[in-house]
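Everything numeric in this text was worked out from a predicted model, so none of it was measured.
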Amino acid sequence: MSDILREMLISHDPSETRVAVLEDGKLVEYYIERAKRSVVGNVYLARVKDVLPGMQAAFVDIGLEKNAFLYVDEIVAPEGVEDMPRRDIQAILKPGQQIMVQVLKDPMGTKGARVTTDITLPGRFLVLMPFSDFVGISRKLPDEERERLHDIITSHAPKGTGMIVRTAASGATEKDLLADLEFLERLWKRVQHQALEALPPEIIYTEMDLALRFVRDVFSEDFKRLLIDDKTVHDKVLSFLKKTSPALARSVSLYRERVPLFDYFALAPQAASALERVVRLPSGGYIAIDTTEALTAIDVNTGKFTGRKSLEDTILRTNLEAADEVVRQLRLRDIGGIIVIDFIDMEDQFHRAEVSARISKALERDRTKTRVMEISRLGLVEMTRKNVTDGLVEVLTDICPTCHGEGRVLSEATRRIMAERRMREVLHSGKSAAYLFGLHPETYAIVNAPGQNVVASLRAETKKQVAIVADPDCGPGEVRILIEGRAGTIERALR
């Protein structure tokens with residue numbers, strides 16, 4: 001990590017807060033928080049609505065639009081239940097019961113939030129787990145540092161309380177760690193007190209906003225600097241760091257230039273690439289990213305790149321570039337769930353191993369938990385990436401009202417035939433002598449295109465007066481009857 005120049009940018013305005021992480025000037029992480037904040041990490045006093053024995057899960061009301069989903073394995077069991085060979089949701093929860101839950105995943109699409117009763121409270125260096133007695137140390141730390149931190153925590157952790165030591169604790173003094181522990185213990189007591197006084201469904205602990213959360217969880221000595229363009233946010237971040245990591249406060253600066261912060265670093269084109277299906281590679285190849293409900297498929301192609309040595313060399317170079325870009329796009333778009341990457345077929349097993357190693361190396365910089373299978377002979381790599389948020393595409397875009405997310409629209413010929421057929425049905429079934437139809441402006445242009453005698457054909461076929469107008473209130477495939485009546489009605493209406 002030391003050979004990579006890492007920077008963090010935080011931009012805040014009345015509409016939204018944006019956080020960007022750069023590695024060697026490239027945008028690798030990009031998060032946006034608007035009025036509708038993420039609820040991940042929030043703790044609620046909830047009420048059980050439905051218990052589903054067939055799914056070994058329950059729906060609980062936490063006060064959001066959709067009930068949250070609680071799986072049996074995410075429940076901290078009452079005393080004695082954990083000894084049962086197979087846990088039964090009906091033995092643990094009953095409808096109407098009050099429980100304390102924490103959000104693991106935001107509501108996504110038609111699904112409500114995913115919650116757990118195993119509460120965790122994160123600090124700068126530690127994560128408190130009040131319902132556990134496990135002490136864990138980040139695997140990203142060297143063995144010697146892990147042993148030092150383990151000795152400090154195990155000698156001071158309250159009995160019956162679990163603790164995870166975060167990567168940010170590297171080099172932290174015993175005093176720093178104990179101060180963080182004391183803060184988390186006070187916080188947990190406050191949460192418990194709130195739970196006693198609350199009426200479900202009610203929030204009893206709110207996670208930090210995006211800026212502070214990123215500084216707490218991500219900002220470290222690996223970063224060269226942190227630039228913030230809002231004085232209030234800057235002061236809040238500085239205050240937090242001075243209490244938790246004073247040495248890091250020196251790396252924080254208030255951005256004062258006239259050029260907007262993200263424009264100064266030319267991030268707009270890089271952020272825009274997160275919305276594109278096709279992402280170009282340096283050599284001329286490209287990757288195509290397609291998301292379905294069940295998984296994300298990523299296809300690697302040589303494109304314009306023909307290489308200079310051999311076909312195998314061309315394929316290897318394209319696949320190596322794709323490995324780096326795929327991981328960057330996963331982080332940038334925050335893609336989660338099942339991911340299948342279709343690399344170009346490689347005959348040489350050493351080349352396959354080289355591409356696998358490149359993926360593993362790139363994933364070392366990904367904070368999100370991933371699991372990668374070996375590359376197959378067909379060039380397929382299957383992996384999973386923890387899904388926590390909706391991802392950047394869901395935040396920045398809406399489903400297309402025309403294609404409804406399919407990515408394709410009806411052809412002009414299809415739309416013309418559908419409009420003609422609908423008007424013919426009305427004319428044959430209707431008793432009136434004259435009809436004025438409204439069509440979507442684009443459909444109107446298609447029907448009236450040179451060589452398309454739709455209206456004349458309908459007049460001749462039905463012996464009725466027919467006219468059409470462009471109606472912006474019509475949907476793309478809709479035909480509206482605006483006026484119907486006796487002969488001559490339409491002419492008078494159009495004068």
Side-chain angles (χ1 to χ4, degrees), residues 1-6 21-30 140 269-292 294-387 391-393 407-408:
M1 297 283 278
S2 58
D3 58 338
I4 296 174
L5 176 62
R6 306 188 80 205
V21 174
L22 310 183
E23 291 180 355
D24 291 334
K26 266 194 169 184
L27 182 64
V28 295
E29 293 186 43
Y30 186 41
K140 294 183 178 180
Q270 296 187 62
S273 75
L275 302 179
E276 296 173 358
R277 176 179 178 268
V278 172
V279 181
R280 300 292 171 183
L281 302 175
S283 65
Y286 66 89
I287 61 173
I289 304 173
D290 293 290
T291 301
T292 71
L295 55 82
T296 298
I298 302 177
D299 188 33
V300 181
N301 294 279
T302 54
K304 297 179 180 179
F305 181 49
T306 56
R308 294 183 178 179
K309 296 181 181 179
S310 64
L311 177 60
E312 272 294 307
D313 180 73
T314 301
I315 291 172
L316 176 61
R317 181 174 169 185
T318 303
N319 282 341
L320 289 174
E321 289 182 356
D324 289 330
E325 188 60 36
V326 164
V327 174
R328 174 176 171 259
Q329 290 295 328
L330 294 181
R331 297 171 65 191
L332 180 58
R333 302 174 190 226
D334 199 20
I335 295 174
I338 301 171
I339 299 156
V340 178
I341 309 166
D342 184 10
F343 286 99
I344 306 168
D345 292 352
M346 294 171 286
E347 295 294 333
D348 193 324
Q349 63 178 353
F350 294 106
H351 287 179
R352 292 199 295 270
E354 194 173 345
V355 172
S356 293
R358 181 69 71 91
I359 294 174
S360 299
K361 184 178 180 181
L363 285 172
E364 289 176 0
R365 300 193 294 274
D366 188 4
R367 298 180 297 110
T368 303
K369 184 178 180 181
T370 56
R371 183 165 172 261
V372 184
M373 307 297 289
E374 288 185 5
I375 191 167
S376 71
R377 288 185 62 85
L378 295 176
L380 294 177
V381 171
E382 299 172 23
M383 64 180 290
T384 59
R385 189 172 185 269
K386 189 175 179 182
N387 199 341
L392 194 59
V393 173
R408 299 182 68 85

With a 4.5 Å cut-off on side-chain heavy atoms, are [Y] and [X] touching?
X	Y	result
I344	N301	no
L320	D324	no
H351	N319	no
R333	T296	no
L332	S273	yes
D345	I315	no
V381	V372	yes
E312	D348	yes

[X] to [Y] - nearest heavy-atom pair and separation:
X	Y	value
S376	R352	O-CD, 3.6 Å
Q270	G25	NE2-O, 3.6 Å
A274	V393	O-CG2, 3.4 Å
A323	F343	N-CE2, 4.0 Å
V278	Y286	CG1-CD1, 3.7 Å
D366	K140	O-NZ, 4.1 Å

Taking atom CG of L295 as the centre, report whether more than 12 heavy atoms of other residues, nucleotides or ligands fall under 6.0 Å from it.
yes
Would you indicate whether K386, at its atom NZ, is surrounded by more than 12 heavy atoms from other residues, nucleotides or ligands within a distance under 6.0 Å?
no
Going by the rule side-chain hydrogen bond (donor to acceptor under 3.5 Å, both in side chains), which residues pair with R367 if we only count those two or more places apart in sequence or in a different chain?
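Per chain and number, R367 pairs via side-chain hydrogen bond (donor to acceptor under 3.5 Å, both in side chains) with E29.
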How long is the straight-line distance from [atom2] of [Y] back to [atom1] of [X], given to the nearest 0.5 Å?
X	Y	atom1	atom2	result
T370	I359	OG1	CD1	10.5 Å
I338	R371	CD1	CZ	11.0 Å
L363	R331	CG	CZ	9.0 Å
L380	I375	CG	CD1	8.0 Å
L22	L5	CG	CG	8.5 Å

Using side chain to side chain contact (heavy atoms under 4.5 Å, CB included), reason through V21 and R6 one step at a time and then give a plain yes or no.
CA-CA 7 Å; V21 174; R6 306 188 80 205; 4.1 Å; yes
Could you go through Q329 and I335, starting from their C-alpha distance and side-chain angles, then the distance that decides it, and tell me whether this counts as side chain to side chain contact (heavy atoms under 4.5 Å, CB included)?
CA-CA 8 Å; Q329 290 295 328; I335 295 174; 5.6 Å; no
For the pair [X] and [Y], find out whether any cationic side-chain nitrogen is under 4.0 Å from an anionic carboxylate oxygen.
X	Y	result
D334	R385	yes
E321	R317	yes
R328	E325	yes

Which is it for T318 and V300 under the side chain to side chain contact (heavy atoms under 4.5 Å, CB included) test, yes or no, and what are the steps along the way?
CA-CA 8 Å; T318 303; V300 181; 4.0 Å; yes
Between R365 and V28 (side chain of the first, backbone of the second, donor and acceptor by atom type, cut-off under 3.5 Å), is there such a pair?
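No, the answer is negative, given that no donor and acceptor are paired below the 3.5 Å cut-off.
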For the side chain of D24 and the backbone of I4, is there at least one donor-acceptor N/O pair under 3.5 Å apart?
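Side chain of D24 to backbone of I4: no pair is present.
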D290: salt bridge (Lys or Arg N to Asp or Glu O under 4.0 Å) partners, not counting sequence neighbours
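Testing D290 for salt bridge (Lys or Arg N to Asp or Glu O under 4.0 Å), a comparison that skips the adjacent residues, returns R277.
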